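Notes to accompany the following structure.
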2 protein chains.
Amino acid sequence: MKKKSNVTLKEIAKILGFSISTVSRALRDHVDISDETKAIVEQKAKELNYMPNMFAQGFRSSRMHIIGVVVPKLSHYFTSTMIEGILDYAETKGYRVIVSESKNSVEKQNQMLNTMLQFNVDGILLSLTRKTANVQDILNILDRKPLVLFDKVMSKIPCTQIIIDGKQAAYNAIEHLINIGKRRIAIFKETENSFNSEQRFEGYLKALKDYNIPIDEKLIFSTEDISLEKGEQLAQIAITLKQRPDAIFAITDSCAIGAIKILNKNNIKIPEEIAVVGFSNSAHSTIIEPNLSTINQPGHLIGKTALKYLIEEIETDNNNDFQSSKTVEIKSSLIVRDSSFIV
Amino acid sequence: MKKKSNVTLKEIAKILGFSISTVSRALRDHVDISDETKAIVEQKAKELNYMPNMFAQGFRSSRMHIIGVVVPKLSHYFTSTMIEGILDYAETKGYRVIVSESKNSVEKQNQMLNTMLQFNVDGILLSLTRKTANVQDILNILDRKPLVLFDKVMSKIPCTQIIIDGKQAAYNAIEHLINIGKRRIAIFKETENSFNSEQRFEGYLKALKDYNIPIDEKLIFSTEDISLEKGEQLAQIAITLKQRPDAIFAITDSCAIGAIKILNKNNIKIPEEIAVVGFSNSAHSTIIEPNLSTINQPGHLIGKTALKYLIEEIETDNNNDFQSSKTVEIKSSLIVRDSSFIV
DNA sequence: CTGAAAGCGCTTACAG
DNA sequence: CTGAAAGCGCTTACAG
């Protein structure tokens with residue numbers, strides 16, 4: 001199937017008998033060009049349905065108006081809402097977005113980052129894989145391109161980072177559980193020192209401390225690859241403890257939902273016997289019965305904010321060496337539903 | 001913050017005292033170049049961490065190895081799995097992917113398609129918005145770029161289309177309901193003639209016909225913007241019918257889940273009194289109680305297949321005018337769960 | 001085996 | 001007000 005080739009400045013110039021320069025300038029509304037010429041050129045361009053070749057433009061200015069995004073997994077609902085935030089903001093700013101997945105593999109992540117470099121994107125938005133240990137690779141990227149971390153971050157990388165206020169959010173969740181009378185509050189968290197898990201764990205500890213509730217090591221459950229199934233397993237263990245918890249705070253919704261499923265199966269009353277709170281307000285949280293109390297993370301806003309800071313970095317003159325990286329916390333909010341609602 | 005500029009062929013050439021041409025050829029392992037020279041150049045390139053500027057390469061060959069994807073909404077789980085299929089296959093083929101959302105707006109869709117053109121993508125993967133009426137815009141794109149439709153398609157657009165075998169899938173679902181003894185089977189479908197909704201409706205009608213079950217207009221429910229809430233509303237109406245349905249086939253999972261919620265609320269036994277079957281095997285379907293019977297749509301495979309056909313079209317010599325568009329049906333499968341499991 | 005030159009489509013400093 | 005020329009980084013037909 002033959003495809004029409006794109007109209008170029010050259011063709012317009014030839015048809016009109018102007019030089020390429022004049023046509024280019026006319027189309028960019030340059031002061032030097034007479035109104036008459038502009039009119040003629042614009043008219044012709046429209047007639048031929050001229051579209052500037054962004055490549056040539058970008059290639060020349062080495063500003064492609066394209067940004068690269070690397071996330072562990074696109075099809076996680078929360079991730080996809082962050083990407084929507086990125087896409088929406090990108091559009092208003094005239095940027096295109098190349099998306100890629102690292103699938104939680106460090107090698108893949110590096111490979112994707114290098115592709116982004118080769119592609120000469122203007123900047124990179126990165127959400128780290130679990131166990132990104134070798135920071136050096138990322139520092140190398142940082143030497144060459146503006147880069148902003150979001151959601152899955154790592155404090156020792158010297159760049160702007162956009163995160164949820166995980167510690168505060170967890171604190172609020174625990175405080176809420178205490179307020180409804182719970183004292184033996186279990187936490188389901190990740191083993192590896194993921195930034196988010198650690199933040200939430202800190203919030204948990206702080207809340208217990210502030211309310212003078214002793215910490216019971218038996219109520220601290222850690223797991224790798226946190227998931228619904230892991231939530232089920234941990235809940236199974238939790239309910240067989242001699243001294244059962246009276247509440248479970250899981251650091252992800254799916255883990256919390258796994259817990260609810262087990263509690264339901266064992267006819268343990270939620271929230272009376274054991275209350276449950278999750279994290280991230282996934283769509284699942286209103287499907288499960290009882291509906292899950294959780295922390296709402298504004299994914300769209302996180303994505304948008306990350307891109308906002310990235311574009312700022314891209315578009316400012318990079319001639320000052322002062323380190324402007326900062327950590328931006330996005331406010332989340334606790335949503336109380338039936339799984340922890342006691343009057 | 002100053003960024004390192006990228007190493008170019010020119011720099012390598014200067015350092016080594018070769019011409020740019022020689023360096024270029026050495027790096028591309030051209031036969032003309034002596035092994036010795038190749039070794040020197042490769043060594044230096046590695047040392048300087050040279051990365052070809054894909055832009056310059058692509059710009060010259062007008063083959064950017066980049067494809068554009070336009071979908072109504074990225075954060076729909078099924079959509080995101082299709083995109084994952086696209087990303088994975090793109091990677092194996094050395095393509096990058098620009099993603100954008102039409103948000104179910106025709107204007108936005110056109111705008112996105114035009115951006116893709118300007119960007120000179122090698123090809124476009126499109127999943128249509130609801131009510132894409134003006135086919136002309138899409139035909140114009142089709143004149144200029146290879147384009148493949150997937151999932152949300154429209155038969156009158158002359159291009160390759162990748163779809164689910166919706167009619168057969170719906171047929172299987174209805175047949176299954178008949179097999180467990182159901183006779184008054186309601187369908188919850190879309191009002192507007194969306195391709196997918198129509199296909200599924202056809203399957204429904206055919207199954208009833210094949211099994212000599214009379215069609216009852218009262219059991220055919222149509223709605224715009226099908227959703228969980230709409231599922232609730234329709235179910236509410238359905239259960240107040242003088243002659244209640246004994247099964248509900250909803251053409252989306254969320255709609256089916258809305259129905260289940262209402263049935264649960266009214267203490268109607270699922271599946272004994274009313275069985276429910278959904279469509280698409282969203283993650284929700286195993287969260288809801290009872291777990292939802294549904295049609296599994298292999299999103300990953302659909303995405304991959306769409307890209308496969310697109311790349312084929314991109315990479316074949318386009319000098320033959322013969323119309324090679326085809327419609328490819330991807331096989332889905334019925335998953336029976338508790339919402340329709342009767343021994 | 002290697003190099004000089006043209007060209008992909010565009011922008012812009014320099015001349016007139 | 002307009003044009004010729006250089007250049008962004010690369011590849012490749014043409015010459016030697």
Side-chain angles (χ1 to χ4, degrees), chain A residues 3-42 44-45 48-66 94 117-122 144-145, chain B residues 3-42 44-45 48-66 94 117-122 144-145:
Chain A
K3 297 293 176 186
K4 274 190 209 160
S5 62
N6 288 322
V7 182
T8 64
L9 288 185
K10 201 170 163 185
E11 293 173 56
I12 299 182
K14 200 158 98 195
I15 294 174
L16 257 29
F18 283 116
S19 73
I20 299 178
S21 333
T22 300
V23 174
S24 169
R25 277 189 278 244
L27 255 19
R28 326 194 88 226
D29 203 22
H30 193 287
V31 278
D32 274 358
I33 306 293
S34 72
D35 288 347
E36 201 194 331
T37 307
K38 279 183 195 166
I40 298 174
V41 173
E42 271 158 23
K44 197 55 156 185
L48 297 176
N49 193 19
Y50 169 75
M51 305 181 124
N53 181 327
M54 307 292 281
F55 266 133
Q57 282 184 353
F59 171 47
R60 196 169 182 293
S61 61
S62 71
R63 188 58 73 72
M64 269 311 294
H65 287 278
I66 187 163
L117 278 195
Q118 280 186 40
F119 227 77
N120 216 3
V121 296
D122 296 334
R144 314 172 132 261
K145 289 285 170 199
Chain B
K3 297 293 175 183
K4 274 189 209 161
S5 62
N6 288 323
V7 182
T8 64
L9 289 185
K10 200 171 165 184
E11 292 173 58
I12 299 182
K14 198 157 102 194
I15 296 175
L16 255 31
F18 284 115
S19 74
I20 298 177
S21 333
T22 302
V23 174
S24 170
R25 278 190 278 247
L27 254 19
R28 324 195 89 228
D29 204 20
H30 192 286
V31 277
D32 273 357
I33 305 294
S34 72
D35 288 348
E36 201 195 333
T37 307
K38 279 183 193 167
I40 298 174
V41 172
E42 271 159 23
K44 197 55 156 190
L48 298 178
N49 194 19
Y50 169 73
M51 307 182 123
N53 181 327
M54 308 291 282
F55 267 132
Q57 283 183 353
F59 171 47
R60 198 170 179 293
S61 61
S62 71
R63 187 60 70 72
M64 269 311 295
H65 287 277
I66 187 162
L117 278 196
Q118 279 186 41
F119 227 77
N120 215 2
V121 295
D122 296 334
R144 314 173 132 262
K145 288 286 171 197

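By convention in this document, chain letters (A, B, ...) are assigned in the order of the sequence lines, proteins followed by strands, and residues within each chain are numbered from 1. On a predicted model such as this, the values are computed, not experimentally measured, just so you know.
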Going 5' to 3' on DNA chain D, which nucleotide is the first and which the last to come under 4.0 Å of a heavy atom in chain A? D:dC1 to D:dG9

Here the pair of heavy atoms bringing A:Lys145 nearest to A:Val121 is NZ-O, 3.0 Å

Grab the two heavy atoms, one from B:Gly94 and one from B:His65, that are nearest each other, plus how far apart they are. O-CB, 3.5 Å

Please give me every residue in residues 22-35 of chain B whose heavy atoms get under 4.0 Å of an atom in DNA chain C, ordered by residue number. B:Thr22, B:Arg25, B:Asp32, B:Ile33, B:Ser34

For D:dT12 and D:dG16, measure between their C1' atoms and round to the nearest Å. 16 Å

For D:dC10 and C:dC1, measure between their P atoms and round to the nearest Å. 24 Å

Heavy-atom closest contact (B:Glu42 atom, B:Ala26 atom, distance): OE2-O, 3.8 Å

Note: A:Ile66 and A:Asn120 closest approach over all heavy atoms is CG2-O, 4.5 Å

In dot-bracket notation, what is the pairing pattern of DNA chain C, taking Watson-Crick (N1-N3 plus N6-O4 or O6-N4) and G-U wobble (N1-O2 and O6-N3) contacts under 3.5 Å, with [ ] crossing and | for other strands? |||.||||||||.|||

B:Lys44 side chain to B:Ile12 backbone, donor-acceptor under 3.5 Å: no

How is A:Thr8 classified with respect to the nucleic acid when contacts are heavy atoms under 4.0 Å: base, sugar-phosphate, or nothing? sugar-phosphate

Side chain to side chain, B:Ile15 and B:Leu48, heavy atoms closer than 4.5 Å: yes

Mind checking the P distance from C:dG9 to D:dT2? Whole angstroms is fine. 25 Å

So B:Leu27 and B:Leu9, side-chain contact (heavy atoms from CB on, under 4.5 Å) or not? Walk me through it. CA-CA 9 Å; B:Leu27 254 19; B:Leu9 289 185; 3.7 Å; yes

Could you check if a side-chain atom of B:Val7 sits within less than 4.5 angstrom of a side-chain atom of B:Asn49, using non-hydrogen atoms only? no

Do A:Asn53 and A:Thr8 have side-chain heavy atoms sitting under 4.5 Å apart? no

Donor-acceptor contact below 3.5 Å, side chain B:Lys38 vs main chain B:His30: yes

